[in-house]
Every structure is written in structure tokens, then in C-alpha cells.
Student: 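Can you read through this structure? Questions will come right after.
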Amino acid sequence: MATYYPPFRKQSPYLPFGEQRTGRFYGKDILSVKQFNRADLEYIFGVAHEMREMVERIGTFDLLKGKILANLFYEPSTRTSSSFTAAMERLGGSVIPINEVRYSSVAKGESLPDTVRTLECYADVIVLRHPEIGASALAAQYARKPIINAGDGVGEHPTQALLDLFTIVSELNQVDGLTVTMLGDLKYGRTVHSLARLLSLYDVKLNYVSPEILRMPAEIIQELNEKNIVQKEFTTLDEVLPQTDVLYVTRVQKERFENMDEYESVKDAYVITPEVMREAKDRMIVMHPLPRVGEISMEFDNDPRAAYFRQMEYGLYVRMALLAMVLGRA
Ligand code: ASP
């Protein structure tokens, strides 16, 4: 008689002999910041802090030895893809990199569900960046293995928001009571969509500074209003800069514009220079998800308030924490 092998499930109970997995995020997808509460964030940041200490002490260790990550990127990426690779390798695991989908079967017309169902045969977790809103949620419906959203079009970028918040906590030692000013392309910038939502778990004041045509989407403002978050919109920075504790600068997202004249009209709307920053507090930070294309001048880079390069490093620890958590090792 043929042996019956039960179908795989999202959280497979059939673990290799002797393997133990634990934790509230084990087997979970990371699709949106909406899935987190404050206790989750404290937990994630606690693990990220431990990751930092381990990396500083020993560099690489074998927490995820034998585990494989598939890095599936349908849009360009430098930091997100390389930091997930570094995170996996620092934890002793390995990576299937698919950065150029045009060289994979996607170019032959393979659907996203089929591509993720393929990769999960070989990998334990899939990191996905895709140009369409909701792509990661769609992939997660088909995948048994955890899907981590690394940016879904103009939708969300939850792991970026987690590392952004970890940066704020690490640099300023608090979140409650802060005034956070988001500057630039708030319409198409997915990082600010996720970060605004995540900050709404705290007692913060939010300023949105953007050109008229790049305002924060109304549904996000509405969502945060329902949580009684104080939000104010501006078109110039000078009014709010002196009270700002975190200035979160974004790139105008050229690739999302249909009309290039429109892009040209707003691309240089704001430029942060040492002179502009004279009006800001001494104890505050300037963040940017990067890449920058001129919205922060290089002359500002050596200012201690320029936190954007440190922000990238915090990202490594947060992504190490997330991988360890979804694979049940934290
Ligand atoms: N790297 C960030 C993102 O993928 C920000 C940007 O591209 O401007 O959304």
C-alpha cells in the first residue's frame, strides 16, 4: 500500500528530529505594520539588540545554520536585499538571490503564486519585493513558508519601518512625546506609510511636509485620526523644523510618476543643508531610508544629527531578529 504523506501546512508540525521552535512569530508572515502592537515591538527590538551585541562580539554565529532564505526582488534594491543576505549569513544560514527576475522564469510569464510555491520547495523563508500593492499578501495566501514583505509598490515597507523605529529608540531612547516630521514624497513613499502607522502606537505628534501633489494619502491620515494622533500638514519646513525631534527625509519616487513634467516640478522641492539645519534642535536626528538623490546635501553627512548611515546598520540587526523569529529561533 502506498504511504500517505499529509499535505504541508503553514506551520508544519513535522519538524526534523530533535528540532524545537518557539516564539510568537514562528511561521508567521510579515506583511504590514498593522500586525504589530507595542509589546511585539519591544520584543523585536530586544532581539535586535541582542543581535547587535552578538555581531559586535563574534560577528557571525550559527543560530540559523542550515536554513535558507529566498530573496525575491521584482524591483531594484541595494540595502534591503543586501541586508537580508547579510542577516542570513551572519546567522549561519544561506541565501538564494533572485534580484533580476528577468533572468528567472518570471520572464517566461510565471505567476507570483507559482514562483513562491517553487521557491518554498528550496527555502525556509521568502523575502519579497514587488511593484504591486498587496503582492506579499497574495504570495502569503499561496505559500506555506513565511513571506516577508520587502516593499509592495506604494503600499508598505514594514521591515523598513521596524528598523526606522529601532533607530529612533536607539538614538533618542524614547518614542512617546516625540515630534516626527516627514518630508518629501509622502504620496508614493511606502516607508512613510508604514512608519506613520507604526508610530501611531505611541504618543507622538506627526508633521507632514510635502508639495501639494505629494501629500500623505487621505486613508492613512484618516486611520491615524481614529487613533487620536495629532497630524499637521505643511508645504514648507521652516515652521516645524525647530520643534522637530526626528526629521524623516524621503526621495521623490521618480519611478511612480506617469507625468515626468510633474516629477521635474517637485523633485528639488526640499534640500537639507547645514544651513537649513541651523534652525533645528541640537538633540534631534535626521533619517532617510535611502537612496538619496539630492534631498540631503553631502555637507550635512558629518553632522552628529545625521543618522541615516547608522540607520542602515540598525536595519541589519532588525532583519536578523525577524529572520530568527519567523524561523522559531528567537
Ligand atoms: N529604499 C526605500 C524603498 O524601497 C526608499 C526609496 O526607494 O526611496 O522604498
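Just so you know, ligand 1 is whichever comes first in the structure, and atom 1 is the first atom listed for that ligand. No experiment lies behind these values; they were computed from the predicted model shown.
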Student: Residues in ring-ring contact (aromatic ring centres under 6.0 Å, His included) with Y263, at least two apart?
Tutor: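 With neighbours one apart ignored, the set is F257.
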Student: Just to be sure I understand the cut-off, which residues have at least one non-hydrogen atom under 4.0 angstrom from an atom of ligand 1?
Tutor: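 These residues qualify: R129, H157, R190, T191, R251, Q253, P289, L290, P291.
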Student: Does a side-chain N-to-carboxylate-O contact under 4.0 Å join E255 and R190?
Tutor: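 Answer for the salt bridge query: no.
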Student: Going by an N to O cut-off under 4.0 Å, is there a salt bridge joining E295 and R292?
Tutor: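 Salt bridge: no.
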Student: With R24 as the cation and Y43 as the aromatic partner, state whether NZ or CZ is under 6.0 Å from the six-membered ring centre and within 45° of the axis.
Tutor: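 Judged by the rule, R24 and Y43 form a cation-pi pair.
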Student: Backbone N or O of I285 within a donor-acceptor pair of the R305 side chain at under 3.5 Å?
Tutor: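 Absent.
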Student: So does K227 pair up with E223, basic N to acidic O under 4.0 Å?
Tutor: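 Between E223 and K227 there is no salt bridge, as every charged N stays at least 4.0 Å from the carboxylate O atoms.
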